[in-house]
Amino acid sequence: MTSEHSSSLRPGFRERIRAVRTSRWLRFSVVSLIFFLWVAWLGSWWVALFWFLLLDIYILGYIPLTWWKRSSSPVVRWVMSWVDAIVYALVLVYFVFTFIGQNYQIPSSSLEKSLLVGDYLWVNKMVYGPRVPQTPIHFPLVQNTFPIINSKSYLDHPQWEYHRLKGLRKVQRGDIVVFNFPAGDTVCVKVQNPDFYTLVRLYGRETVLSNPQTFGQVIWRPVDRRENYVKRAVGLPGEKIKIVDGVIHINGKPIEQPDNVQFNYYFQLKSGSMTEAQWEALGIAEDDRHIVPVTPEDIEALKALDFTVNDDGTVPTLYAAPLTAAMVEALEADKSVSRVMRMPAQPGEMLYPAGVADSWTRADYGELWIPRKGAVLAMSQRAWDIYGRVIRDYEGNHDAVWRDSKLWIDGAPHDSYTFKMDYYFMMGDNRDNSLDSRYWGFVPEDHIVGCPELVLISFDKDKSLFNGGIRWNRVLKDANPDAPKFQHK
């Protein structure tokens with residue numbers, strides 16, 4: 001740069017500095033402080049170079065970002081003012097949703113009665129430490145698909161490696177956790193429930209892949225763009241989990257059932273039918289109220305189970321619903337109820353891991369060891385059957401195979417495997433109506449999103465908005481009330 005050019009630049013620079021108001025210097029100082037604190041938390045100091053962009057935006061103004069304010073056209077000024085506001089809001093939302101927290105809706109009943117369908121939660125991402133975006137270019141207000149137009153809301157590239165910022169603590173037993181659905185890495189666009197791996201078990205891989213007219217295009221989703229699930233962490237890294245008659249055992253010891261745990265029950269009235277008032281008093285949602293059909297072939301079995309069968313061979317209405325222990329007590333104390341019985345679980349529910357769990361049930365499950373970062377696992381056929389998907393898909397060893405009684409990775413045989421991440425076993429409190437780790441396996445640490453803290457608002461879909469549709473008693477309610485109850489007896 002010539003001295004002539006330097007002399008012409010310096011006065012312009014000085015004039016820009018002098019023209020900045022004190023209030024703008026104060027705002028710039030506050031924003032800079034927040035920015036450098038964020039950079040320190042991020043641990044990537046090269047990001048600090050973006051401070052010069054802030055310097056230009058607040059102080060220097062060399063980049064003409066506000067050119068539209070000087071336009072002679074009122075239409076241009078009006079349109080661009082809205083564009084400016086929307087872009088600013090989206091950037092702010094992106095950073096808040098990525099590094100601080102986000103709202104999530106409860107779509108299913110898997111955690112009833114802890115969390116209800118229609119609850120809107122505030123999920124704190126700083127508790128376990130927020131993840132640096134693995135898919136950085138995405139629209140912040142949708143998870144993976146734009147509604148109506150049904151197109152992806154993210155770009156597949158670039159993909160950044162998993163990195164989690166420092167949090168307040170690790171996942172603890174009993175925490176209700178929001179995470180990305182591990183089995184949601186591969187998706188059949190037309191049939192997303194059941195998931196791809198369940199479809200493969202039901203129909204075979206070739207059938208699913210060769211029938212796009214039925215199942216749709218098969219796509220892969222990055223970790224942070226997979227669907228969000230919410231369950232309770234019941235098994236931690238390095239522990240052994242077993243379920244005996246519905247009671248969770250960790251390392252051979254039972255843990256206390258929280259008050260809100262539910263199981264499916266049959267119950268029968270002596271006569272008549274359940275009234276709306278009775279259903280409401282029990283707190284059973286409409287979707288969970290079931291009448292069990294009874295055929296003549298069922299009569300003897302019902303008698304053997306002490307259900308009422310009238311002398312004329314008719315059977316008073318038999319109901320099925322998920323119940324907590326308190327709800328069971330209330331029914332058993334009700335003189336109009338003749339019988340309450342827990343619904344037995346049967347094998348053949350396609351539990352995880354395939355083959356190993358074929359004789360297990362959702363109520364009598366395991367024992368399984370939960371992988372821990374740095375733990376060394378001796379490889380065998382059974383170990384591969386249980387942890388093969390973890391090693392291959394979650395740990396990034398995409399060419400891993402079991403061949404000649406050995407684990408092969410990158411063309412080399414291995415007698416053991418050392419895990420790169422921690423894993424968790426997640427379950428719903430509505431135990432018999434929750435598709436959880438018993439069905440699709442472990443949750444890797446890089447899938448963890450955050451911990452729900454508050455119920456922001458809750459809507460009851462069975463009622464109109466102005467007739468009990470808003471559950472006011474749940475507004476700002478603790479979203480994780482039963483966590484302290486998960487402890488060894």
Side-chain angles (χ1 to χ4, degrees), residues 110-115 127-128 169-177 179 182 230-265 322-326 328-329 342-345 347 349 351-353 356-378 380 382-383 385-387 390 419 421-445 448 451 478 480-489:
S110 68
L111 274 165
E112 298 240 4
K113 299 295 184 178
S114 301
L115 297 176
V127 173
Y128 310 131
R169 61 177 176 84
K170 291 192 173 184
V171 177
Q172 297 175 357
R173 188 179 348 276
D175 283 355
I176 293 178
V177 180
F179 55 91
V230 57
K231 307 287 181 186
R232 192 184 294 277
V234 297
L236 303 180
E239 295 180 337
K240 291 181 179 179
I241 186 167
K242 186 175 184 178
I243 303 172
V244 181
D245 193 25
V247 177
I248 298 170
H249 290 64
I250 299 296
N251 297 332
K253 298 180 180 179
I255 59 175
E256 184 177 350
Q257 300 275 43
D259 295 336
N260 287 326
V261 161
Q262 295 186 111
F263 296 96
N264 286 343
Y265 280 81
L323 305 174
T324 64
V328 171
E329 285 186 17
R342 184 170 154 192
M343 193 180 296
E349 292 187 275
L351 300 173
Y352 173 90
V356 175
D358 289 352
S359 62
W360 301 350
T361 72
R362 62 175 182 258
D364 291 284
Y365 180 93
E367 179 176 66
L368 277 184
W369 175 74
I370 305 169
R372 174 176 53 82
K373 182 178 181 179
V376 179
L377 176 70
S380 63
R382 180 179 174 83
D385 290 341
I386 297 174
Y387 304 102
V390 171
F419 288 95
M421 288 192 290
D422 284 331
Y423 291 80
Y424 301 88
F425 201 91
M426 306 284 188
M427 290 177 60
D429 289 352
N430 195 356
R431 294 286 169 77
D432 295 336
N433 301 286
S434 173
L435 290 175
D436 49 37
S437 285
R438 292 170 293 177
Y439 294 86
W440 38 254
F442 309 107
V443 176
E445 67 172 70
I448 301 293
C451 182
D478 183 2
N480 202 359
D482 272 341
K485 289 184 173 288
F486 274 80
Q487 52 189 320
H488 288 299
K489 289 181 179 179

J.: Taking atom CG of Asp429 and atom OG of Ser434, what is their separation to the nearest 0.5 Å?
T.: 8.5 Å

J.: Hey, mind stepping through Asp259 and Thr324 against side chain to side chain contact (heavy atoms under 4.5 Å, CB included) and telling me if it holds?
T.: CA-CA 7 Å; Asp259 295 336; Thr324 64; over 6 Å; no

J.: Give, for atom CG of Leu323 and atom CD of Glu329, the distance between the pair rounded to the nearest 0.5 Å.
T.: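 It comes to 12.0 Å.
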
J.: Less than 6.0 angstrom from the centroid, inside 45 degrees of the normal: does Arg438 satisfy that with respect to the ring of Tyr365?
T.: no

J.: How long is the gap from CG on Leu111 to CG on Asn433, to the nearest 0.5 Å?
T.: 12.0 Å

J.: Evaluate the side-chain proximity of Trp369 to Lys240: yes if any heavy-atom separation is below 4.5 Å, no if none is.
T.: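 Sidechains of Trp369 and Lys240: in contact.
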
J.: Taking all non-hydrogen atoms of both residues, which atom of Asn480 and which atom of Cys451 are closest, and how far apart?
T.: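 For Asn480 and Cys451, the tightest heavy-atom pair comes out as ND2-SG, 4.0 Å.
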
J.: Using modelled atom types only, decide if a donor and an acceptor are shared between the side chain of Asp364 and the backbone of Asp245 within a distance under 3.5 Å.
T.: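 It does hold such a pair.
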
J.: Restricting to non-hydrogen atoms, name the atom on Met421 and the atom on Pro444 that form the minimum distance, rounded to 0.1 Å.
T.: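 What the structure gives for the nearest pair is CE-CB, 3.8 Å.
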
J.: Let's go through Arg169 and Val127 carefully: what are the C-alpha distance in whole Å and the side-chain angles of both, what is the deciding distance for side chain to side chain contact (heavy atoms under 4.5 Å, CB included) to 0.1 Å, and is it a yes or a no?
T.: CA-CA 6 Å; Arg169 61 177 176 84; Val127 173; 3.9 Å; yes

J.: In sequence, state the C-alpha distance, the side-chain angles, and the governing distance for Lys373 and Phe419, and then conclude on side chain to side chain contact (heavy atoms under 4.5 Å, CB included).
T.: CA-CA 5 Å; Lys373 182 178 181 179; Phe419 288 95; 5.8 Å; no

J.: Quick test of your reading of the model: are Asp436 and Arg362 salt-bridged, counting only N-O distances below 4.0 Å?
T.: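 A salt bridge is absent here (no side-chain N lies under 4.0 Å from a carboxylate O).
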
J.: Ignoring hydrogens, what is the shortest heavy-atom contact between Met426 and Phe179? Give both atom names and the distance.
T.: CG-CE2, 3.9 Å

J.: Return the minimal non-hydrogen interatomic distance between Ala383 and Leu377, and the atom names on each side.
T.: CB-CD2, 4.1 Å

J.: Are side-chain heavy atoms of Pro353 and Leu368 found at a separation under 4.5 Å?
T.: yes

J.: State, yes or no, whether a side-chain contact exists between Phe263 and Val328 at a heavy-atom distance under 4.5 Å.
T.: no

J.: Please report the closest heavy-atom contact between Thr361 and Leu351, naming both atoms and the distance.
T.: C-CD1, 3.5 Å

J.: Between Arg372 and Asp422, is there a side-chain heavy-atom distance shorter than 4.5 Å?
T.: yes

J.: Heavy atoms, side chains only, cut-off 4.5 Å: are Glu349 and Trp360 in contact?
T.: no

J.: Are side-chain heavy atoms of Tyr424 and Phe442 found at a separation under 4.5 Å?
T.: no

J.: Can you measure from OH (Tyr352) to CG (Leu435) and round to the nearest 0.5 angstrom?
T.: 16.0 Å

J.: With rounding to the nearest 0.5 Å, note down the distance linking CD1 in Ile176 to CG in Asp478.
T.: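 Output value for this atom pair is 8.5 Å.
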
J.: Ion pair present between Glu239 and Arg173, side-chain N to carboxylate O less than 4.0 angstrom?
T.: yes

J.: Might you point out which heavy atoms bring Tyr128 and Ile448 nearest each other, and give the distance in Å?
T.: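 Of all heavy-atom pairs spanning Tyr128 and Ile448, the closest is CD1-CG2, 3.6 Å.
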
J.: Arg431 and side-chain contact (heavy atoms from CB on, under 4.5 Å): which single residue from Ile248, Ile243, Asn264 fits?
T.: Ile248

J.: Look up atom CG in Asn430 and atom NZ in Lys231, then write down how far apart they are to the nearest 0.5 Å.
T.: 9.0 Å

J.: Considering only heavy atoms from C-beta outward, does the side chain of Val261 approach that of Met427 to under 4.5 Å?
T.: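 In short, these two side chains do not touch, never coming nearer than 4.5 Å.
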
J.: Could you walk me through whether Ser114 and Arg232 pass side chain to side chain contact (heavy atoms under 4.5 Å, CB included), step by step?
T.: CA-CA 10 Å; Ser114 301; Arg232 192 184 294 277; 3.2 Å; yes

J.: Is any side-chain heavy atom of Pro237 closer than 4.5 Å to one of Tyr423?
T.: no

